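Below, chains carry the letters A, B, ... as their sequence lines are ordered, and counting in each starts from 1. Note that the structure is predicted; figures quoted are calculated from it, not measured.
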Number of protein chains: 2
Amino acid sequence: MSRTSTSSSRARTEQPSEPTGRDTEDDLEAPCSIARSLEIIGDRWTILILRDAFRGLRRFDELRRDLGIPRAVLADRLKKLVDAGVLHRRRYQEHPPRDEYRLTPMGIELSPILVALMHWGDRWLADDGPPTVLVHEPCGTDVELGFHCRTCDVDFPPTAIVSRPGPGSAA
Amino acid sequence: MSRTSTSSSRARTEQPSEPTGRDTEDDLEAPCSIARSLEIIGDRWTILILRDAFRGLRRFDELRRDLGIPRAVLADRLKKLVDAGVLHRRRYQEHPPRDEYRLTPMGIELSPILVALMHWGDRWLADDGPPTVLVHEPCGTDVELGFHCRTCDVDFPPTAIVSRPGPGSAA
DNA sequence: GTAGCTGGGTTCGGATTCCGAACCAAGTCG
DNA sequence: CGACTTGGTTCGGAATCCGAACCCAGCTAC
């Protein structure tokens, strides 16, 4: 997903009723995509909720039981994730009214973050081997997550990365 | 310790008056590499500290100024990261005694997590384009981070992933 | 030699947030 | 009807977070 030229993907950031000029104190968000991501998913419970969402859990009580999270905290995190556009709340039956939370495309694209967290934990914190392994479904091979250069057609280590100001930089 | 550490994935059957205690050894760590990783880096400030470490910041005051983090919180997070083995504290001059914090190999391997966070923020939260871009140093092409199957020799989307119990699973 | 500055912290109230337990509402079961 | 389930909200106490103040070692300028 190199976003070289298709960078105009429109994200739905919240724009709270701001009809007039907005340019003084509105730009309080950090000029850093990591910081902006963390404003949405930078919470321990939130990541665990998303992990469970990827595992297929969808209902409030399923999540609450699996995580052992306080109800109020779960309700708050789910609401924030829905507001952010990461989860979608959907009523799937009317008669006992039951809602479920599902990942949106925005949420599904969080998977590299979770996989990276999991691989790192497997490598450095799992003394007895990985509790879970992810495999490529068609063939059963372990999933690899790595840096790749399309031009050179090579995988490379993090030390081969340099950063540059992008189009959204302040300067 | 930071918060309740063993908070997730624990049933509520905890006997308060249990002098013998400690019979469940799996109570110490969650059987999930994501949860274990989050016990070390699952804090907003911690991730931002690591981001700055990747950017080359090494000294206490550099970090404090850049992040605007309270001193006590920075001291606490740095200590925890050093204890965990992610950062290494090194005295680089004796005469005013000055220490620096550098990423260990364990810390450097966190880079896919940060890159994944950055790419997600670029894609969904950066209205004006990415503030920073990462490029492959030898050729200047944008860094890609993706799933790859060595057997099939293909990149694939997250929907092609399935999970299985690994050697460290409880069962 | 002493006053001040800098790096690297620790300590201290007050404000947030988190948590467990209790409660509530809507629907279903027996 | 009363018991039970899902999906929450409300409440007081406990744990964190924060800004500000303080500490200490080592320079540096007066």
Side-chain angles (χ1 to χ4, degrees), chain A residues 28 30 35 38-49 52-53 56-83 87-102, chain B residues 1-18 27 30 35 38-49 52-53 56-83 87-102:
Chain A
L28 212 61
L38 291 177
E39 280 170 33
I40 295 178
I41 60 164
D43 176 276
R44 193 223 256 1
W45 285 125
T46 298
I47 303 257
L48 293 175
I49 290 166
D52 276 5
L57 278 69
R58 295 193 171 83
R59 300 208 332 243
F60 190 92
D61 223 51
E62 275 181 318
L63 292 166
R64 194 188 61 73
R65 266 196 297 270
D66 185 73
L67 297 171
I69 184 177
R71 294 159 169 279
V73 177
L74 178 56
D76 176 76
R77 296 301 187 279
L78 288 173
K79 184 171 180 317
K80 282 178 179 159
L81 286 171
V82 169
D83 289 350
L87 293 180
H88 177 236
R89 181 180 185 168
R90 200 185 64 127
R91 175 148 299 184
Y92 67 94
Q93 81 180 22
E94 282 295 340
H95 255 321
R98 295 285 177 263
D99 296 335
E100 66 178 7
Y101 297 88
R102 276 177 184 262
Chain B
M1 270 304 185
S2 62
R3 58 185 61 226
T4 63
S5 67
T6 63
S7 54
S8 72
S9 83
R10 191 182 55 193
R12 56 176 45 264
T13 58
E14 192 78 287
Q15 305 292 25
S17 61
E18 182 70 40
D27 195 49
L38 292 177
E39 280 172 32
I40 295 178
I41 61 165
D43 175 277
R44 194 224 254 8
W45 285 124
T46 299
I47 303 258
L48 294 175
I49 290 166
D52 276 5
L57 278 68
R58 296 194 171 87
R59 303 219 317 255
F60 188 92
D61 225 50
E62 275 180 319
L63 291 165
R64 196 188 60 74
R65 266 195 298 270
D66 184 75
L67 297 170
I69 185 176
R71 293 161 168 277
V73 178
L74 178 58
D76 176 76
R77 297 301 188 277
L78 288 173
K79 182 170 182 318
K80 283 177 181 159
L81 286 171
V82 169
D83 289 348
L87 294 180
H88 173 57
R89 182 179 183 168
R90 202 187 60 129
R91 176 146 301 186
Y92 66 94
Q93 79 180 25
E94 282 295 342
H95 252 326
R98 293 286 178 264
D99 297 335
E100 66 179 6
Y101 297 89
R102 277 177 184 262

Exercise. Compare side-chain N and O positions of A/Trp45 against OP1 and OP2 of C/dC19 and report whether any pair is under 4.0 Å apart.
Key: yes
Quiz item: OP1, OP2 of D/dT6 versus side-chain N and O of A/Tyr101: anything below 4.0 Å?
Solution: no
Quiz prompt | Atom-pair distance (CZ on A/Arg89; C1' on D/dT6), nearest Å | solution = 12 Å
Quiz item: Are A/Glu100 and A/Arg90 within salt-bridge range, i.e. N to O under 4.0 Å?
Solution: yes
Quiz prompt | Rounded distance in Å - CG (B/Asp76) to P (D/dG19) | solution = 15 Å
Self-check item: CZ-NE2 distance between A/Arg102 and A/His88, expressed to the nearest 0.5 angstrom
Solution: 10.0 Å
Quiz item: Can you tell if the side chain of A/Tyr101 reaches within under 4.5 Å of the side chain of A/Arg89, non-hydrogen atoms only?
Solution: yes
Exercise. Let me know the distance between CZ of A/Arg58 and C1' of D/dG7, rounded to the nearest Å.
Key: 18 Å
Quiz item: Between A/Arg71 (CZ) and C/dC18 (C1'), how many Å, whole number?
Solution: 16 Å
Quiz item: Would you say B/Arg77 reaches D/dC17's phosphate, i.e. side-chain N/O to OP1/OP2 under 4.0 Å?
Solution: yes
Quiz item: Could you give the CG-to-C1' distance, from A/Leu87 to D/dG7, as a whole number of Å?
Solution: 16 Å
Quiz item: What is the distance from CZ of A/Arg59 to P of D/dT5, rounded to the nearest Å?
Solution: 13 Å
Quiz item: Which residues, if any, of residues 61-69 of chain B bring a heavy atom under 4.0 Å of DNA chain D?
Solution: none
Quiz item: Roughly, in whole Å, what's the span from CG in B/Asp99 to P in C/dG9?
Solution: 6 Å
Quiz prompt | Rounded interatomic separation in angstrom, taking CZ from B/Arg98 and C1' from C/dC5 | solution = 11 Å
Quiz item: Quick one: does A/Glu39's side chain get under 4.5 Å of B/Arg44's, heavy atoms only?
Solution: yes
Quiz item: Say you draw a straight line from OG1 of B/Thr46 to CD1 of B/Ile41; how long is it, rounded to the nearest 0.5 Å?
Solution: 8.5 Å
Practice problem: Consider the side chain of B/Ala75, meaning its heavy atoms from C-beta on, and name the nucleotide among D/dC17, D/dT5, C/dG9 that approaches it most closely. | Solution: C/dG9
Quiz item: To the side chain of A/Pro70, which of C/dC19, D/dC17, C/dG8 is closest?
Solution: C/dC19
Quiz prompt | Gap separating the CG atom of A/Asp52 from the CG atom of A/Asp66, nearest 0.5 angstrom | solution = 4.0 Å
If you look only at distance, which donor and acceptor atoms sit under 3.5 Å apart when one is on a side chain in residues 71-79 of chain A and the other is two or more places apart or in another chain?
{"from": "A/Asp76", "atom 1": "OD2", "to": "A/Lys80", "atom 2": "NZ", "distance (Å)": "3.1"}
{"from": "A/Arg77", "atom 1": "NE", "to": "A/Asp43", "atom 2": "OD1", "distance (Å)": "3.1"}
{"from": "A/Arg77", "atom 1": "NE", "to": "A/Asp43", "atom 2": "OD2", "distance (Å)": "3.4"}
{"from": "A/Arg77", "atom 1": "NH2", "to": "A/Asp43", "atom 2": "OD2", "distance (Å)": "3.1"}
{"from": "A/Lys79", "atom 1": "NZ", "to": "A/Asp83", "atom 2": "OD2", "distance (Å)": "3.3"}

